Amino acid sequence: MTVTFVVANQKGGIGKTTTATTLAGILSRKGKTLLIDADPQGNSTSTYQARIEDEATLYDVMVDSDKLPLNEAIQHRENGDIVASDPLLTKAEKMLEGNVEGLYRLKDAVEELDGYDYIVIDTAPSLNVILYNCLIAADQVIIPVTADAYSMQGLQQLYNTIKAVQKRQNPSLSIAGLLLVKYSGRSNLEKRVQTQLEALAESMDTKLFQTAVRECVKAKEAQDAKKLLVDYAPNCTTMQDYFAFADELLAGKSK
């Protein structure tokens, strides 16, 4: 059975793409894994060096009147299997808006896909019909957060969106947890925000992962080199933390 994780937070610059691509890289060592880039900015697509021109992308899967199968949009790249994003996804948002069936395009496509153990979905920093598609298609939501004064702004709105999807479209959806990223733990502010995040996670019927992901320059170097961090610098502190996070995530999934 395929397990689908969606990485979401409506705040930008929060480390969603790094989390999604790194998690996909780790999971690909445990089973066959597909990354779906649902962010029109296409950062995951760029990391995987996936093509957009003359290739089927997530846009085509979402809007094709004949319902293009997801497997026809999969590109097998050096970094792994990916369904590429497309700037046209912003157009898809408008095309699917108000279309009830349009909320289930990704779920239908995922359910028809065979052969993958894990799917990881990278999302845009917004609450829109594409995000609804991702939540409806997913099993678990991972919410990256940072330990700063603005980290909790908007989380309640995201939680309300998830609760609405759980109630109406996907009752089996759960929040795997809040993942603290770009963390040093040295400042009093970070420690205070971490405590606040633990309380917030509890109010959201989830947890703050015990693993906090530290930031190091190797993560940015990997982005520049268009490499997965797990391949570029498997022993760096950030990667060590992501390994620990993945173990924690999968241990929770197996319970």
Side-chain angles (χ1 to χ4, degrees), residues 1-8 16-17 20-21 23-24 27-28 31-77 79-142 161-162 164-174:
M1 177 182 292
T2 305
V3 181
T4 301
F5 299 104
V6 59
V7 181
K16 286 189 300 296
T17 294
T21 56
L23 178 60
L27 293 178
S28 69
K32 193 172 182 184
T33 301
L34 173 67
L35 179 66
I36 298 176
D37 189 356
D39 184 350
Q41 294 181 46
N43 291 331
S44 288
T45 297
S46 176
T47 295
Y48 274 62
Q49 301 184 59
R51 298 181 297 269
I52 296 176
E53 296 297 326
D54 301 319
E55 291 282 353
T57 66
L58 184 61
Y59 170 79
D60 300 294
V61 173
M62 300 296 286
V63 304
D64 188 86
S65 59
D66 295 325
K67 295 188 176 180
L68 181 77
L70 195 61
N71 69 322
E72 293 189 18
I74 295 173
Q75 297 182 42
H76 307 287
R77 310 300 294 169
N79 285 331
D81 290 359
I82 185 171
V83 174
S85 179
D86 192 316
L88 288 174
L89 273 177
T90 55
K91 181 180 177 182
E93 294 168 12
K94 297 175 182 177
M95 295 172 67
L96 296 172
E97 194 73 47
N99 180 353
V100 175
E101 184 183 349
L103 292 173
Y104 296 88
R105 288 288 177 87
L106 188 55
K107 177 181 175 64
D108 291 344
V110 166
E111 286 182 344
E112 293 173 0
L113 186 67
D114 290 324
Y116 284 92
D117 299 296
Y118 303 104
I119 296 174
V120 179
I121 307 176
D122 189 14
T123 62
S126 58
L127 302 177
N128 55 30
V129 67
I130 301 297
L131 178 63
Y132 271 90
N133 262 273
C134 297
L135 294 174
I136 292 169
D139 298 301
Q140 294 200 359
V141 187
I142 300 160
T161 300
I162 293 170
V165 170
Q166 288 173 326
K167 181 178 180 180
R168 302 180 187 280
Q169 291 105 356
N170 186 3
S172 64
L173 178 67
S174 65

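Here the structure is a predicted model, which means the values were calculated and not measured.
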Inset, instruction - Provide the closest heavy-atom pair for L96 versus G102 in the form atom of the first, atom of the second, distance. - result: CD2-CA, 3.9 Å
Inset, instruction - Please examine the side chains of Y116 and I74, heavy atoms only from C-beta on, and report whether any two atoms are closer than 4.5 Å. - result: yes
Inset, instruction - Return yes if some donor-acceptor pair links the side-chain N/O of T21 with the main-chain N/O of T17 below 3.5 Å, else return no. - result: yes
Inset, instruction - Nearest 0.5 Å please: distance from the CD atom of Q75 over to the CD1 atom of I52. - result: 8.5 Å
Legend entry - Smallest separation among heavy atoms of Y48 and A24, with atom names: OH-CB, 3.6 Å
Legend entry - Partners passing side chain to side chain donor-acceptor pair (under 3.5 Å) against S44 (at least two apart in sequence or in another chain): D122
Inset, instruction - Could you tell me which non-hydrogen atom of A20 sits nearest to which non-hydrogen atom of V120, and how far apart they are? - result: O-CG1, 3.7 Å
Inset, instruction - Please tell me if the side chains of Y118 and L23 come closer than 4.5 Å, counting only heavy atoms from C-beta onward. - result: no
Inset, instruction - Could you list all the salt bridge (Lys or Arg N to Asp or Glu O under 4.0 Å) pairs where at least one residue sits in residues 40-62, not counting sequence neighbours? - result: R51-E55
Inset, instruction - Would you mind reporting whether N79 and L35 have side-chain heavy atoms less than 4.5 Å apart? - result: no
Legend entry - Those residues that, when tested against A38, pass side-chain contact (heavy atoms from CB on, under 4.5 Å) (two or more places apart): L58, I121, I130, C134
Legend entry - T33 side chain reached by D117 side chain, heavy atoms, under 4.5 Å: no
Legend entry - Pairs satisfying salt bridge (Lys or Arg N to Asp or Glu O under 4.0 Å), at least one member in residues 64-76, at least two apart: K67-E101
Inset, instruction - For T161, enumerate each residue passing the side-chain contact (heavy atoms from CB on, under 4.5 Å) test, keeping only those at least two apart in sequence or located in another chain. - result: L127, Y132, L135
Could you list the donor-acceptor pairs under 3.5 angstrom formed between side-chain atoms of residues 82-89 and any protein atom two or more places apart in sequence or on another chain?
| from | atom 1 | to | atom 2 | distance (Å) |
| --- | --- | --- | --- | --- |
| S85 | OG | D39 | O | 2.5 |
| D86 | OD1 | L88 | N | 2.8 |
| D86 | OD2 | T57 | OG1 | 3.4 |

Inset, instruction - Under the side chain to side chain donor-acceptor pair (under 3.5 Å) rule, collect the residues that match up with E111, sequence neighbours excluded. - result: K107
Legend entry - Distance (rounded to the nearest 0.5 Å) between N133 CG and Q169 CD: 10.0 Å
Legend entry - Option passing side-chain contact (heavy atoms from CB on, under 4.5 Å) with I119 (candidates L27, L113, D81, V3): L113
Legend entry - Set of residues satisfying side-chain contact (heavy atoms from CB on, under 4.5 Å) with respect to A138, sequence neighbours excluded: T4, V6, L173
Inset, instruction - State, to 0.1 Å, how close V7 and K16 come at their nearest heavy-atom pair, and which atoms those are. - result: CG1-O, 3.8 Å
Legend entry - Partners passing side chain to side chain donor-acceptor pair (under 3.5 Å) against E93 (at least two apart in sequence or in another chain): N128
Inset, instruction - Could you tell me the separation between the CD1 atom of I36 and the CZ atom of F5, rounded to the nearest 0.5 Å? - result: 13.5 Å
Legend entry - Pairing residues for D37 by the side chain to side chain donor-acceptor pair (under 3.5 Å) criterion, not counting sequence neighbours: T45
